[in-house]
Structures are given as structure tokens and as C-alpha cells.
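First up is the structure itself, then whatever we jot down about it.
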Amino acid sequence: QVQLVESGGGRVQAGGSLRLSCAASGGTFSTFMMGWFRQAPGKEREFVASITRSGVNTYYADSVKGRFTISRDNAKNTVYLQMNSLKSDEAAAYYCAATQGFGVRADDYNYWGQGTQVTVSS
């Protein structure tokens, strides 16, 4: 079993930046593909970004390409999401997830963190 703990959420003005972190424990981090998802109230959980085990390949939702960057540090068992130029409609709970497979859908992921809230004020 792997446990995931997100941090770094908070309140930011539209156009601002935040960096989310997700610390993993209880498993061999480098064997997991990692992803970030978000869910706003009344909406379905949606894919934001994912990164392969080595960190060489990354995948992004079209809506965040060019503004968000996912990265990982396997020595620190941590995955990051740098979010720039945040928009007011991107306020949501952001979740870190892990899979021993491959995926860009929530159903592809087996392990989830509790989420960290991002509030974007206009």
C-alpha cells in the first residue's frame, strides 16, 4: 500500500502561481506512475497531469498545457505540480494519485491522497 499526502494548496489571485507537492510513503515510489487530478464542487474529477516512473514523459490536459508543470523527485518520493497563470475556474480540490500501470483517467489510478484545496480569487 502507498500513502499519499498533498500540500501546498491555498488562496491565490487569478494570474498567480502555486506549487503543490505530494509525498509518498509505504511503497517503492519509482515504480508508480503519478498523476494530479482536480475536482470542483458539483463537477466530476478531472485529469490535470501525469508523469511516468522515470519522469521522462509527461502528459497534460489541454486546458493546462503551457501553464502547469508536473515533475518528480524519486530520491525524495515526491511529485510536484507547478501551476502558473491560475484562472478563477481552476479553483478546486487537487488530488495526487498513483498507479502501477499507466493512465490519464481517474479510473487508471489505484491510490489517492486526501486532496489539497486551491482557491483562486478574481
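For the atom pair CZ (R19) and OG1 (T69), the distance works out to 10.5 Å, reported to the nearest 0.5 Å. Here CH2 of W36 is found 6.0 Å from CG of L81. Values are rounded to the nearest 0.5 Å. Within the model, atoms CG of D107 and CZ of R45 stand 10.5 Å from one another, a figure rounded to the nearest 0.5 Å. In this structure, Q3 CD and S25 OG are separated by 4.5 Å, a value rounded to the nearest 0.5 Å.
R53 and T31 make their closest contact through NE-O, 2.8 Å (heavy atoms, listed as atom of the first residue, atom of the second, distance). For A49 against Y60, the heavy-atom pair with the smallest separation is CB-CD2, 3.6 Å. When all heavy atoms of R72 and I51 are compared, the closest pair comes out as NH1-O, 3.7 Å. Of all heavy-atom pairs between D73 and F29, the closest is O-CE2, 4.0 Å. Here the closest non-hydrogen pair linking T52 and V56 is OG1-N, 3.7 Å. Of all non-hydrogen atoms in M34 and A98, the two that sit nearest each other are SD-CB, 3.5 Å.
Taking the side chain as every heavy atom from C-beta outward, L86 and F68 approach each other to under 4.5 Å. Between Y94 and E6 there is no side-chain heavy-atom pair separated by less than 4.5 Å. In this structure, C22 and V5 have side chains that are not in contact, with every pair of non-hydrogen atoms separated by 4.5 Å or more. T99 is not listed as a side-chain neighbour of F32, based on a closest heavy-atom distance of 4.5 Å or more.
Taking the salt bridge (Lys or Arg N to Asp or Glu O under 4.0 Å) definition, one finds that D62 meets it with K65, sequence neighbours left out. Shown here are the ring pair (Phe, Tyr, Trp, His ring centres under 6.0 Å) partners of Y80, two or more places apart in sequence or in another chain: there are none.
Without hydrogens or angle criteria, Q39 side chain to A93 main chain gives no donor-acceptor distance under 3.5 Å. Although no hydrogens or angles enter the test, the distance criterion places a donor-acceptor pair under 3.5 Å between the side chain of T78 and the main chain of K76. Between the side chain of S50 and the backbone N or O of G35 there is no donor-acceptor pair closer than 3.5 Å.
Within a 6.0 Å radius of CD in Q117, more than 12 heavy atoms belonging to other residues, nucleotides or ligands are found. The number of heavy-atom neighbours closer than 6.0 Å to CD of E46, taken from other residues, nucleotides and ligands shown, is above 12.
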### Message
Between C96 and V79, is the side-chain contact (heavy atoms from CB on, under 4.5 Å) condition met? List the steps.
### Response
CA-CA 8 Å; C96 170; V79 62; 3.8 Å; yes

### Task
Evaluate side-chain contact (heavy atoms from CB on, under 4.5 Å) for V64 paired with R38, printing each intermediate quantity in order.
CA-CA 12 Å; V64 307; R38 63 189 179 192; 4.0 Å; yes

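None of L20, T58, V48 except one satisfies the side chain to side chain contact (heavy atoms under 4.5 Å, CB included) rule with I70; the exception is T58. Just one of E90, M83, Q82 meets the side chain to side chain contact (heavy atoms under 4.5 Å, CB included) condition when paired with R67; it is E90.
Donor-acceptor pairing under 3.5 Å is recorded for the side chains of N84 and S17.
Annotation for V104: hydrophobic cluster partners, listed by chain and number, are M33, F37, F47, Y59, Y95, F102, Y109, W112 (ILVMFWY side-chain heavy atoms under 4.5 Å, direct or chained).
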